[in-house]
Amino acid sequence: MSLARFSHYRIMWILVFFDLPTETKKDRKEAALFRKKLLRDGFTMFQFSIYVRHCASRENMEVHIKRVRAFIPEKGQVGILNITDKQFGDIEIFYGKSASKSTNQPIQLELF
C-alpha cells in the first residue's frame, strides 16, 4: 500500500453547515430528520449546525456529497464545503479565550 494514499492533501473532509427553520412542528421534524440522516451517513456534529465527515479520497467525498444533496430539506439554507485533511488539521478551536489545537484524526480504514 502506497504512503501517498494517506497524503494530507488526498484525504478530504466534508463540512455541512445549515440553518433550518424550527417554527412549526413540521419544520422541527424536518430539521431533526436532516440531522439524523447526516449521522447515518457517518457525519459527526462539530457544532450544533455544523457536521463533518472524513473521506479517504475525493471520489468517496463526492459520493457523500451526492447523498447529502438528495436529502436537503425544502426550507432553510444548507452549505457544503470540502477541504483537505491538511486544511482541517490547521483549524484553531477556542474555548473562551483559550486556543486549543484540533486533535489529529487517526487514519480511518474503510471496508466498503
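We use all heavy atoms of the structure for the numbers below, so side chains are in, but hydrogens, waters and symmetry mates are not. Fair warning: this is a prediction, and the values are worked out from it, not measured in the lab.
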[X] [atom1] to [Y] [atom2] distance, which is reported to the nearest 0.5 Å:
| X | Y | atom1 | atom2 | result |
| --- | --- | --- | --- | --- |
| Ile50 | Met45 | CD1 | CE | 10.5 Å |
| Phe43 | His64 | CZ | NE2 | 7.5 Å |
| Arg53 | Ile65 | CZ | CD1 | 11.0 Å |
| Ile91 | Leu15 | CD1 | CG | 6.5 Å |
| Glu62 | Asn82 | CD | CG | 8.5 Å |

Partner residues of [X] under the salt bridge (charged side-chain N to carboxylate O under 4.0 Å, His left out) criterion, sequence neighbours left out:
| X | answer |
| --- | --- |
| Glu23 | none |
| Lys75 | Asp27 |
| Arg67 | Asp41 |

Would you check if Phe17 and Gln47 make a side-chain contact, meaning some heavy-atom pair closer than 4.5 Å? no
Decide yes or no for His54 and Phe88: does some side-chain heavy atom of the first lie under 4.5 Å from some side-chain heavy atom of the second? no
Under 4.5 Å between side-chain heavy atoms, hopping through other hydrophobics if needed: is there a path connecting Leu81 to Val52? yes
If hydrophobic clusters are built by linking Ile, Leu, Val, Met, Phe, Trp and Tyr wherever their side-chain heavy atoms come under 4.5 Å apart, do Ile93 and Ile83 end up in the same one? yes
So, using side-chain contact (heavy atoms from CB on, under 4.5 Å) as the criterion, who are the partners of [X] when residues are at least two apart?
| X | answer |
| --- | --- |
| Leu39 | Tyr51 |
| Ser98 | none |
| Lys37 | Leu33, Arg40, Phe71 |

Closest approach of Phe34 and Leu20, non-hydrogen atoms and distance? CD2-CD1, 3.8 Å
How close do Pro21 and Ala31 get, heavy atom to heavy atom, and via which atoms? O-CB, 4.4 Å
Partner set under side-chain hydrogen bond (donor to acceptor under 3.5 Å, both in side chains) for Ser57, not counting sequence neighbours: Glu59
Are there more than 12 heavy atoms of other residues, nucleotides or ligands under 6.0 Å from atom OH of Tyr95? no
Verdict with supporting geometry, Met12 and Asn60, side-chain contact (heavy atoms from CB on, under 4.5 Å): CA-CA 9 Å; Met12 302 297 294; Asn60 181 248; over 6 Å; no
Please walk me through it: do Trp13 and Gln87 pass side-chain contact (heavy atoms from CB on, under 4.5 Å)? CA-CA 9 Å; Trp13 286 86; Gln87 291 167 322; over 6 Å; no
